[in-house]
Chemist: 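Let me begin by handing over the structure; questions about it come next.
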Amino acid sequence: MASADEIADLQQATGQEGDCLFLTLLIRHHEGAIPMADALIELGSNPRALTVAESIKTGQTAEISAMESLQAQIGCN
């Protein structure tokens with residue numbers, strides 16, 4: 001979900017700037033998975049696919065929370 005320009009910026013970033021940009025981009029990536037999982041949970045019928053979607057939603061939500069906490073700890077804007 002990151003653009004080519006964002007990836008180029010990430011490749012050039014170092015230290016805290018790199019950490020913060022990485023976390024920002026990865027949070028956005030994870031946030032994209034949640035509505036996809038929600039759509040399958042609402043509309044899907046295959047039990048295994050539904051289980052996977054629930055697991056993805058739970059996991060991505062937890063990872064977003066962890067990354068937001070890390071952003072706060074390291075002083076990202």
Chemist: Side-chain heavy atoms nearer than 4.5 Å, only ILVMFWY residues, links allowed to pass through others: does that put Leu21 and Leu23 together?
Modeler: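 In one cluster with Leu21: Leu23, yes.
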
Chemist: Looking only at atom types and distance, does a side-chain atom of His30 sit under 3.5 Å from a main-chain N or O of Leu26, one as donor and one as acceptor?
Modeler: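 Yes, the answer is positive, given that a donor and an acceptor are paired below the 3.5 Å cut-off.
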
Chemist: Going by heavy atoms in the side chains, are Ile74 and Cys20 under 4.5 Å from each other?
Modeler: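 Result yes, sub-4.5 Å side-chain heavy-atom pair found.
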
Chemist: Do Ile41 and Val52 belong to the same hydrophobic cluster, where Ile, Leu, Val, Met, Phe, Trp and Tyr are linked whenever their side-chain heavy atoms lie under 4.5 Å apart, directly or via other members?
Modeler: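 Not linked; separate clusters.
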
Chemist: Check whether any side-chain N or O of Gln16 sits under 3.5 Å from a backbone N or O of Gly75 as a donor-acceptor pair, and report yes or no.
Modeler: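 At least one qualifying donor-acceptor pair exists.
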
Chemist: Please walk me through it: do Gln60 and Met36 pass side-chain contact (heavy atoms from CB on, under 4.5 Å)?
Modeler: CA-CA 11 Å; Gln60 298 297 291; Met36 288 189 288; over 6 Å; no

Chemist: Once you round to the nearest 0.5 Å, how far does CG of Asp5 lie from CG of Leu10?
Modeler: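 It comes to 12.5 Å.
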
Chemist: Restricting to non-hydrogen atoms, name the atom on Lys57 and the atom on Ala37 that form the minimum distance, rounded to 0.1 Å.
Modeler: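 Minimum heavy-atom contact is CB-CB, 4.1 Å.
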
Chemist: Rounded to the nearest 0.5 Å, how far apart are NE2 of His29 and OG1 of Thr24?
Modeler: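 It comes to 14.5 Å.
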
Chemist: Looking only at atom types and distance, does a side-chain atom of Ser55 sit under 3.5 Å from a main-chain N or O of Thr51, one as donor and one as acceptor?
Modeler: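 The answer is no, because no donor-acceptor pair under 3.5 Å joins these two groups.
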
Chemist: About how many Å separate CG of Leu40 and CD of Glu54, when rounded to the nearest 0.5 Å?
Modeler: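 The distance works out to 9.0 Å.
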
Chemist: Grab the two heavy atoms, one from Ala13 and one from Gly18, that are nearest each other, plus how far apart they are.
Modeler: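 Residues Ala13 and Gly18, closest heavy atoms: CB-CA, 3.5 Å.
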
Chemist: Does Glu31 have more than 12 heavy atoms from other residues, nucleotides or ligands lying within 6.0 Å of its CD?
Modeler: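 Enclosed.
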
Chemist: Would a hydrophobic clustering, with Ile, Leu, Val, Met, Phe, Trp and Tyr connected at side-chain separations under 4.5 Å, put Ile56 with Ile34?
Modeler: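 No, it is not one cluster - the side chains of Ile56 and Ile34 are not joined through contacts under 4.5 Å.
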
Chemist: Quick one: do Phe22 and Ile7 end up in the same hydrophobic cluster if we chain Ile, Leu, Val, Met, Phe, Trp and Tyr together by side-chain heavy atoms under 4.5 Å apart?
Modeler: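 Hydrophobic grouping puts Phe22 apart from Ile7.
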
